[in-house]
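All remarks here apply to the structure that follows.
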Protein chains: 2
Amino acid sequence: MKEGPDIAQIGALIGDPARANMLAALTGGRALTATELAAAGGITLQTASTHLSKLETGGLLAQRKQGRHRYFTLADEAVARLIESMMGLAASRGHLRHQPGPKDPALRKARICYDHLAGDFGVRMLDSLVALGSIDAIGDGLAVTAKGESDLQCIGIDVSSLKSSRRPLCRSCLDWSERRAHLAGSLGKALLANFMEKGWARRMPESRSVVFSPEGERQFLRLFPLEA
Amino acid sequence: MKEGPDIAQIGALIGDPARANMLAALTGGRALTATELAAAGGITLQTASTHLSKLETGGLLAQRKQGRHRYFTLADEAVARLIESMMGLAASRGHLRHQPGPKDPALRKARICYDHLAGDFGVRMLDSLVALGSIDAIGDGLAVTAKGESDLQCIGIDVSSLKSSRRPLCRSCLDWSERRAHLAGSLGKALLANFMEKGWARRMPESRSVVFSPEGERQFLRLFPLEA
DNA sequence: AGGATGCTTCGGTTACGATCGAAGTATGAA
DNA sequence: TTCATACTTCGATCGTAACCGAAGCATCCT
């Protein structure tokens, strides 16, 4: 009966609340130090250290030393996707750590998901790109159309250069707050980076939420209308 | 820092070896009794009973009573996908329960993945359908073409009736042995069912492997050539 | 009715791992 | 060099949950 890979090891790694909180914090995409992750997990530095080494030997985390700091990130996008999909499942089963509170709205509106935009704004952007004919949606799959390629060029994104990377250009990622898909992949990353370069949006420290400037929000809503 | 859904609960449920083995056994798609699952988990019936009730209240399993038996299945396809994607991640990180042994080949060649065909044959079938122009592949997404709809009709599969179901017609599912995609969704299920009806293939008891009859294998290879 | 099978609940044991205090190592700053 | 910061390792405690034996229900068969 012992066939195939052992999912229990990975499950157990994610199954500890402290570790789960650290992983969730890393879904924010930035590299975090052991001390920051200890705070995220609500534990002391010593305990966090042992957790982090377990996560790393388990292949879920990558680290790089920089001076006397040690920065941790999720090992790769596959891990990020797993975490997000578990969040989706957990949300649909009602496993919530807290009731939806007054602090939530900012997070539901726009937040970081590993390296791209999620939340209401993320979902709206993808819907709009599909409605505008910039992206073809077939089943779960997404592909940039010829029209989309030129549209994106106008915004300042060179799709052809993104294509050369090994990472998939488009990916749909299920949103746990909206329960609908938003845009991931290298294009999703490039779009968010583009917004931040232009000063339309910026990340809040210590949180996954992304806030748009009044002007940035106007431009965003103009660029991605709800009904094409 | 406590934002979003709690992945630790789900992780912990999957993180116990006995429970993980039971879940993996259910990836085979058939409904299993508590006694069978106890054997799959390598534990006594009493212990299995408590595990199963935890898995059920956690939303990962569904059960239905039938006489004095209690049949368990994975709660829905989302759970099946999560388990499979964890297997993929575990395989890529080298978390194996055993070295690839002589008993493996049958499993790698053709096996059940929830309700559709996986393994070498599953991957080949999807590749072939794409090469033949029966299925369009865009990114991760799959869609049946007009040509595909008539091709499948010839085999004895009515695509239009499948479309009416709420479940997605095509889905790509990552194979942990091949590390490539095979066909899931209602079409994937229908195709496997079709092969079994025709007597081309049958499931082995107590295992996830699917064996083709000599004639069935000939027909399968003819129907799904490698290079179109 | 009596007996067998499938499963659950209870009680008590046991083992594993999460936790932190304290001490040890590495890197940078003064 | 000396001190401070960032982190790891050691050692010991403690809680939780996995586990099984035994007993209790429920369902089916004869």
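Letters go in sequence order (proteins before strands), and every chain restarts at 1.
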Between atom CG in B/L45 and atom P in C/dC10, what is the gap in whole Å? 16 Å

Send over the distance from A/F72 CZ to D/dA6 P, rounded to a whole Å. 14 Å

Between C/dT5 (C1') and B/H69 (NE2): distance, integer Å: 8 Å

Using only side-chain N and O atoms of A/T44, determine if any of them is under 4.0 Å from OP1 or OP2 of C/dT19. no

d(CG, A/L37; P, D/dC7) in whole Å: 9 Å

Is the distance from OP1 or OP2 of D/dT8 to the nearest side-chain N or O of A/S49 less than 4.0 Å? yes

How long is the line joining CD of B/Q63 and P of C/dG6, in whole Å? 17 Å

Between A/H51 and B/Q46, which is nearer to the 5' end of DNA chain C once each is assigned its nearest nucleotide? B/Q46

Quick one: do the B/T44 and B/Q46 side chains pair a donor with an acceptor below 3.5 Å? yes

Length of the CD-P vector between A/Q9 and C/dC16, whole Å: 16 Å

Touch class at under 4.0 angstrom, heavy-atom based, for B/T33 against every strand present: sugar-phosphate

Is the closest side-chain donor-acceptor distance between B/Q9 and B/D6 under 3.5 Å? yes

Give the rounded distance in Å between these two atoms: CG of B/L55 and C1' of C/dC7. 16 Å

Would you please classify the geometry between the B/F195 ring and the B/F224 ring as parallel, tilted or perpendicular, with 30° and 60° separating the classes? perpendicular

In this structure, is the centre-to-centre distance between the rings of B/F212 and B/F121 below 6.0 Å? yes

Quick one: is B/T35 getting a side-chain N or O under 4.0 Å of the C/dG6 phosphate, OP1 or OP2? no

Side-chain N,O (B/R70) to OP1/OP2 (C/dT8) below 4.0 Å: yes

Please tell me which of the listed nucleotides, C/dT8, C/dT9, C/dT19, lies nearest to the side chain of B/T50? C/dT9

Atom-pair distance (CZ on B/R68; P on C/dT8), nearest Å: 15 Å

Nearest heavy atoms of A/G29 and A/I112, plus distance in Å: N-CG2, 4.4 Å

Please state whether the phosphate of D/dA17, meaning OP1 or OP2, lies under 4.0 angstrom from any side-chain nitrogen or oxygen of B/K54. no

